[in-house]
Engineer: 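Sending over a structure as C-alpha cells; questions will come in a sec.
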Amino acid sequence: MKISEKFSELKKKKEGALIAYICAGDPSPDATKEYVTALVRGGADIIELGLPFSDPTADGPTIQAGIERALNGGMTPDIYFRTVASLKMHIPLVVMTYYNIIFKRGLEKFVKDCAESGISGIIAPDLPPEESGELADFCIKHDVDLIFLVAPTTTDERLKRILAEGKGFIYLVARLGVTGARTDVAASTHELIKRVKTTTPKAVGFGISNGKQAAEIISAGADGVIVGSAFVDIIASGKDVPARLEALARGFKEGARG
Amino acid sequence: MHKIINDILDSTKKRLPSPGNKKTGRITTRDFRESVKAIKNKNLIPVIAEVKPSSPTRFIRDVTPKDAAGIAKQMEEAGAAAISVLTEPQFFKGSIRNLNSVRGAVGIPVLRKDFIIDRTQIYEAESDLILLIAGILGSSLDDFVNEAIASGRQPLVEVHNEIELEKALKTRANIIGINNRDLTTMKVDISTTEELAPLIRGRIIVSESGISSSQDAVRMFDAGADAILVGTSIMQGNVYEKTYELVHALNEHLKIKPQMKAPRVTSLQSRASGGRIHVDCHASRLRTHVCQRTGIHGRASSRGATLDVCPRRAYVGTKSRSVAFGAGVYTYALRGIRVRGVENPQGFGIDERRFIASEEAMKQEINSTKFGKYGGQFVPEVLMPALEELTEQYEKYKDDPIFNEELNYYLKDFAGRPSPLYHAKRLSKEYGVKIYLKREDLIHGGAHKLNNTLGQGLLARYMGKKRIIAETGAGQHGTACAMAGAAFGIKTEVYMGAKDTVRQRMNVLRMELMGTKVIPVKGGSQTLKDAINEAMRDWVANVETTHYLIGSVVGPHPFPTIVRDFQSVIGKEVRTQIMEKEGRFPDSIVACTGGGSNAMGIFHPFIEDDVDLFAVEAGGSGMKVTDKEALHSATLCTGEDGVLHGMRTKVLQNKYGQILESSSIAAGLDYAGVGPELAYLADIGRLKPCNSMDAEALDAFNDLCMLEGIIPALESSHAVAYVKKAAASGDLGDVVVINLSGRGDKDLETVMGLRK
C-alpha cells in the first residue's frame with residue numbers, strides 16, 4: 001500500500017497515524033513477523049522496519065541495543081527482504097536504515113528489492129537531500145517514497161528544499177538529540193509543526209513515550225506520530241512481548257485518534 | 001655587454017669587500033615561494049616592488065635608509081609579494097644600509113639587487129633573495145648559486161636569452177628572472193618573457209623590466225610569469241597606488257572584459273616526458289579560474305586563444321614512477337573541471353582524448369564538499385546547519401590575521417613549533433637511505449595532535465562555543481584536546497571506548513588532571529569507532545552550544561579540510577627545513593596512516609611537487625578478514641567504497657556494508673575508515689598506500705630506540721618500518737622524510753608486555 005493512500009484514508013476518518021518502529025531481526029529473524037502482526041493488531045497504521053547497521057549514529061542507546069541484538073541474531077539485508085516479502089501486509093511498510101547498507105547493496109538493487117518485497121518508503125537518517133540525488137532518481141523510477149527528516153535546527157532555506165524533495169511523509173525530529181523515549185512534548189516540537197507548511201503529511205518522531213503525548217502532537221497539527229524506543233524496550237525485556245506490543249500500540253493509537 | 005654595464009662592473013670591482021669580512025653564518029629567510037603562492041591563491045599578481053633611487057640613465061629621487069623603509073612599508077601594505085632593494089651605489093644610488101633598513105621594516109621577503117661578481121659580496125648583507133646575473137657570471141654561475149643557497153639565501157638567477165636560460169636551468173636555482181632588457185643594447189621588449197617563459201618548468205618565473213601598466217602585468221602573467229618585478233613606474237608615481245594597481249591588475253582586466261566564453265578543454269596530449277592539455281578560452285580567464293583553482297602552472301600564448309597547460313610535475317621526472325605520479329597530479333589539479341576520462345589514469349597512456357570543462361563545474365568545485373567522489377556530508381539533518389555554520393566560520397577565520405596571529409603564538413610558545421627536522425645518521429646508515437625525521441614527537445603532549453586541537457579549539461572560541469567534545473582512541477587526541485581546552489578555558493569532554501580507557505589508563509589520568517571529563521563508551525566494540533558514534537550523538541543533542549573537535553582528517557565536510565589545514569604546518573615547515581639542509585625537496589615522504597591527519601599534514605604542502613608520498617597503514621597481524629573483523633587496519637590498501645562517520649571513503653566492511661572491527665598494535669591506526677582526501681589521492685595514484693605488520697613496526701621501534709635514542713610511538717614506527725623494507729628496492733629515492741608523528745612513552749607497557 002502507498003503511504004499517501006494510507007494518509008488520505010486516515011484523513012477521511014480524521015485520525016492521526018501511528019507509525020511504529022521496530023528493528024527487523026530483534027532478537028531473531030523469526031520473531032519479526034509475530035511482532036509486526038501484534039503492532040498492526042494494536043492499531044499501527046504504518047510499520048517502520050529497521051534494517052540493522054553496525055554504526056547507528058543517529059540512534060540512542062535503546063534502539064542501538066536492538067540493532068546489536070538483531071545483528072547478533074544474524075539479520076542481513078537478504079534475510080530482511082525475504083522476511084518482508086513474507087509479511088504480506090495491507091498497510092504501508094517503510095524501511096529505516098543507514099546509507100552504507102543501501103550504498104553497498106547498490107542503489108538501484110536496493111530500491112528494486114524494496115519495491116518487489118512490498119516496501120513503499122525509505123528512511124536513511126544519515127542521508128540529507130544534498131547527497132541523495134541518485135537514490136531519489138531510482139526511487140522515482142521504482143515508485144518508492146524517499147522520506148526526509150526535518151529538525152528544529154533546519155534553516156528555512158533547507159526546509160524549502162526538503163519539502164520540495166520529500167515524498168511519502170515529512171519526518172519531523174521533535175527535538176535535538178538521538179532517538180529515545182521521553183515524557184514531555186518540547187516547545188520546539190510545537191514550533192516545528194507550525195513551521196513546516198506543506199501538503200505532504202507530517203509525522204513527528206523522537207522521544208514519544210505515551211498516548212497523551214501522541215494526542216498533544218496530533219492536536220498541534222501533525223498528521224502522525226512515530227514511536228520506536230518504547231516498543232524496542234518491550235522487545236528488550238523479552239517478557240510477554242507480542243501482547244505488550246499490541247497493548248502499547250493501542251494506547252498510542254487512541255491518543256493519535258484524537 | 002653594453003658600455004654602461006662594463007662601467008658598472010669596473011666600479012663594482014673597486015668596492016668589493018675584503019676577503020676577511022666573509023661572514024659565513026646562515027641566515028633565517030622568508031620563503032618567497034610561499035609568498036607567491038599565497039598571493040596567487042587570492043587571485044592577485046605577485047609583485048616584487050623595487051626601492052630604486054635611480055637607473056644609469058634616469059635619476060628618480062634620493063632615498064635615505066629611513067625613506068627606503070617608508071617606501072617599502074607602503075609597498076608591503078599595497079600587497080607586494082617581496083621588496084627588491086638596489087644596493088649598487090654609483091649608478092643606481094642604492095646602499096646596503098637601505099637594504100638593512102627595509103628588511104627590518106617589512107615582514108615579506110627582500111631581494112638584494114646588485115651586480116654580484118665576487119663570492120664575498122654574497123655575505124655583505126642579509127637578504128632573503130639575492131640577484132645573480134647569468135650573463136655576467138658565465139661559467140661560474142653554478143658555484144654562485146650553490147654558495148648563495150648554502151648561505152641560506154634564495155638565488156634569483158636573471159637571464160635574457162635561451163643560452164643563458166639553459167645555463168640557469170642547470171643550476172639548483174628555484175627562481176628564474178627573465179630580464180626584458182637586453183644588456184648588450186639596453187633596449188627593453190617585454191615579449192622576451194613571452195618567448196622564454198614557456199621553456200621553463202618547475203621554477204618560479206619573475207618577469208623584470210619594462211612593466212609599467214596593469215595591462216603589461218596581465219600580459220606577463222598570462223605569458224607564464226609567476227611574479228613581476230617593477231621599479232621605475234612604482235617609484236615615479238604614488239608608491240602605494242601604483243603597487244596596488246599592479247597587484248590587482250588581474251581583476252581590473254576581468255572587469256574590462258566580463259563577457260568571455262567558458263573554458264573548453266579540447267585535447268589532452270601525452271608523451272613519455274609529460275602531458276599537455278589544450279584549453280580553448282581567453283588567456284586570463286583560464287589563468288584566474290583554472291590555473292589558480294587547480295594549481296596547474298599554465299602557459300598562455302599572447303593571442304589568448306589556445307593554451308598549453310602543463311602540470312609542473314609531469315615535466316620534471318624522467319624516472320618512470322615520476323611520470324605515473326605526474327598523471328596523478330594532473331588529475332588532481334583538474335578535479336572538479338570534469339575532465340572526463342582521466343578520473344583514474346594509468347600513467348600517461350591516454351592520447352588525444354576530448355574533454356569539456358564548464359564554468360558551472362568550476363563553480364561546483366569551489367563549493368565542493370568532496371575530493372573526487374569521496375567526502376561529502378552524510379549526517380543526520382540535525383547536524384547539517386551546524387556543518388554549514390562551521391564551513392562559513394572557518395572560511396571567515398582561516399585567513400583572518402588576528403586569528404592566525406593568536407594561533408601562531410600558541411603553536412610557537414605553547415606547542416613548541418617549529419619541530420626540528422633531524423638527520424638520523426645512524427638509522428640512515430643502517431637502512432641505506434638518507435633519512436630525515438620530522439620530530440612531531442617533540443611537540444607538547446608528545447604528538448602532532450596538538451596542531452589541530454589548538455586550531456579547532458581557537459576556532460571554537462571565536463565561534464562562541466561554550467563546550468568542546470571529542471573522541472579518542474589511544475588518548476593522544478583526547479589529551480591534546482584537554483590541553484587546548486585548559487589553555488583556552490573551554491569546558492572539554494572526551495568520549496573514549498571503555499576498553500581503551502583501560503588500555504590507555506595513563507592518558508585518562510592526564511586528561512583528568514587537566515580538567516577534562518572522560519566518558520567511557522560501553523556500546524559496540526568499546527573502541528574508537530564507538531567513541532566517534534557516541535560523540536556524534538552528543539553533538540546531535542547539543543549542537544548549538546558545542547563544538548565537536550574531530551581529531552583526524554575524517555568525518556563530514558568541512559572537517560577533513562579543516563584538520564588537514566591545521567596539520568599542514570608540518571609539511572610547510574619541512575619545505576623550508578629540507579631546503580636549508582639539502583637545497584632541494586626529498587624524493588619521498590613517508591607517514592603512518594590511520595585516519596590520516598599526520599599524513600595529510602605532511603603530504604598536503606607537497607602535493608604539487610616532485611615528491612613521492614607513501615601512506616603506511618597498519619598491517620596488524622595479517623590480512624585475514626572475517627564477517628565481523630579484520631586482523632589489520634589497512635583501509636586504503638584493502639577497503640571498499642562506503643559511507644561511514646559522515647563521509648564517503650574507503651571502509652573496511654563486509655559484503656552487506658556492516659563495518660568491520662579493525663585491529664592493530666597501534667591504537668592510533670586502529671580505524672576501519674580513512675580520510676576521504678587520502679582515498680582520493682590513492683585512487684588517482686598521487687600517493688602510494690602500503691602497510692607494515694605489527695612485528696615489523698616493533699622491529700623498527702627497536703631500531704629507532706637503539707640507533708638514535710628516540711622512542712617512537714608505535715604508530716610512527718609503522719612508517720619507519722616501511723622505510724626499512726622499501727629502501728633496498730630504491731623506490732624511495734635518495735632522501736626520505738619520515739613523519740615521526742609521536743613519541744612512544746604511551747606504548748611502553750604494550751612493548752614490554754610483548755617482549756616478555
Engineer: Which pair of heavy atoms, one from B:Gln377 and one from A:Pro128, lies closest together, and at what distance?
Structural biologist: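 Closest heavy-atom pair between B:Gln377 and A:Pro128: O-CG, 3.1 Å.
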Engineer: Got a sec, which residues hit ring-ring contact (aromatic ring centres under 6.0 Å, His included) with B:His547, two or more places apart in sequence or on another chain?
Structural biologist: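 By the ring-ring contact (aromatic ring centres under 6.0 Å, His included) rule, B:His547 matches no residue at all.
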Engineer: Determine whether the side chains of B:Glu544 and A:Thr153 contain a donor N or O and an acceptor N or O closer than 3.5 Å.
Structural biologist: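 Side chains of B:Glu544 and A:Thr153: no pair found under 3.5 Å.
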Engineer: Counting only heavy atoms closer than 4.5 Å, note whether B:Lys628 contacts chain A via side chain, backbone, both or neither.
Structural biologist: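 Answer is side chain: those atoms of B:Lys628 sit under 4.5 Å from chain A.
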Engineer: I'd like to verify something: which residue of B:Ile659, B:Asp627, B:Leu644 has the highest number of heavy-atom pairs under 4.5 Å with chain A?
Structural biologist: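 Top count of heavy-atom pairs under 4.5 Å with chain A: B:Ile659.
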Engineer: Specify the closest pair of heavy atoms between A:Thr154 and B:Glu381, including all atoms of both residues, with the distance to one decimal.
Structural biologist: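 Nearest pair, atom of A:Thr154 first, then B:Glu381: OG1-OE2, 3.0 Å.
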Engineer: For a side-chain contact (heavy atoms from CB on, under 4.5 Å) check, start with the C-alpha distance between A:Asp126 and B:Val379, then their side-chain angles and the critical distance, and finish with the verdict.
Structural biologist: CA-CA 4 Å; A:Asp126 60 344; B:Val379 296; 5.9 Å; no
Engineer: What are the two closest non-hydrogen atoms of B:Tyr656 and A:Thr76, and how far apart are they?
Structural biologist: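 Residues B:Tyr656 and A:Thr76, closest heavy atoms: CE1-CG2, 3.4 Å.
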Engineer: Taking all heavy atoms of B:Gly657 and all of A:Lys104, pick out the closest pair and write down the distance.
Structural biologist: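 Result for this residue pair: N-CG, 3.4 Å.
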Engineer: With distance as the sole test, does B:Arg537 use its side chain to make a donor-acceptor pair with the main-chain N or O of A:Ala58 at under 3.5 Å?
Structural biologist: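 No, the answer is negative, given that no donor and acceptor are paired below the 3.5 Å cut-off.
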Engineer: Going from OG1 on A:Thr57 to CG on B:Asn533, what distance comes out if it is rounded to the nearest 0.5 angstrom?
Structural biologist: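 These two atoms lie 6.0 Å from each other.
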Engineer: Tell me whether A:Glu131 contacts the main-chain N or O of B:Phe378 through its side chain, where contact means a donor paired with an acceptor under 3.5 Å.
Structural biologist: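 Flag not set: sc A:Glu131 to bb B:Phe378 has no pair under 3.5 Å.
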Engineer: Roughly how far apart are B:Asn654 CG and A:Ser54 OG, rounded to 0.5 Å?
Structural biologist: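 Taking CG in B:Asn654 and OG in A:Ser54, the distance rounds to 7.5 Å.
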Engineer: Would you say B:Arg648 and A:Phe103 make side-chain contact, with heavy atoms under 4.5 Å?
Structural biologist: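 Yes; the side chains approach each other to less than 4.5 Å.
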Engineer: Going from NE2 on B:His557 to CD on A:Glu130, what distance comes out if it is rounded to the nearest 0.5 angstrom?
Structural biologist: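 Answer rounded to 0.5 Å: 11.5 Å.
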Engineer: Heavy-atom cut-off 4.5 Å, strictly under: side chain, backbone, both or neither for B:Ile532 against chain A?
Structural biologist: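 Neither part, no heavy atoms under 4.5 Å.
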Engineer: Which bit of A:Ile102 comes within less than 4.5 Å of chain B, counting heavy atoms only: side chain, backbone, both or neither?
Structural biologist: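 The answer is neither part of A:Ile102.
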Engineer: Return the option, out of B:Asp641, B:Asp530, B:Val651, with the maximum number of heavy-atom pairs under 4.5 Å with chain A.
Structural biologist: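 So the answer, after comparing B:Asp641, B:Asp530, B:Val651, is B:Asp641.
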Engineer: Tell me, please, which residues at least two apart from A:Asp78 pass salt bridge (charged side-chain N to carboxylate O under 4.0 Å, His left out).
Structural biologist: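 If we apply the salt bridge (charged side-chain N to carboxylate O under 4.0 Å, His left out) test to A:Asp78, skipping adjacent residues, the hits are A:Arg105.
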Engineer: Please find the pair of heavy atoms, one from B:Gln658 and one from A:Pro52, that lie closest to each other, and give the distance.
Structural biologist: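 Smallest interatomic distance, heavy atoms only, reads NE2-O, 2.9 Å.
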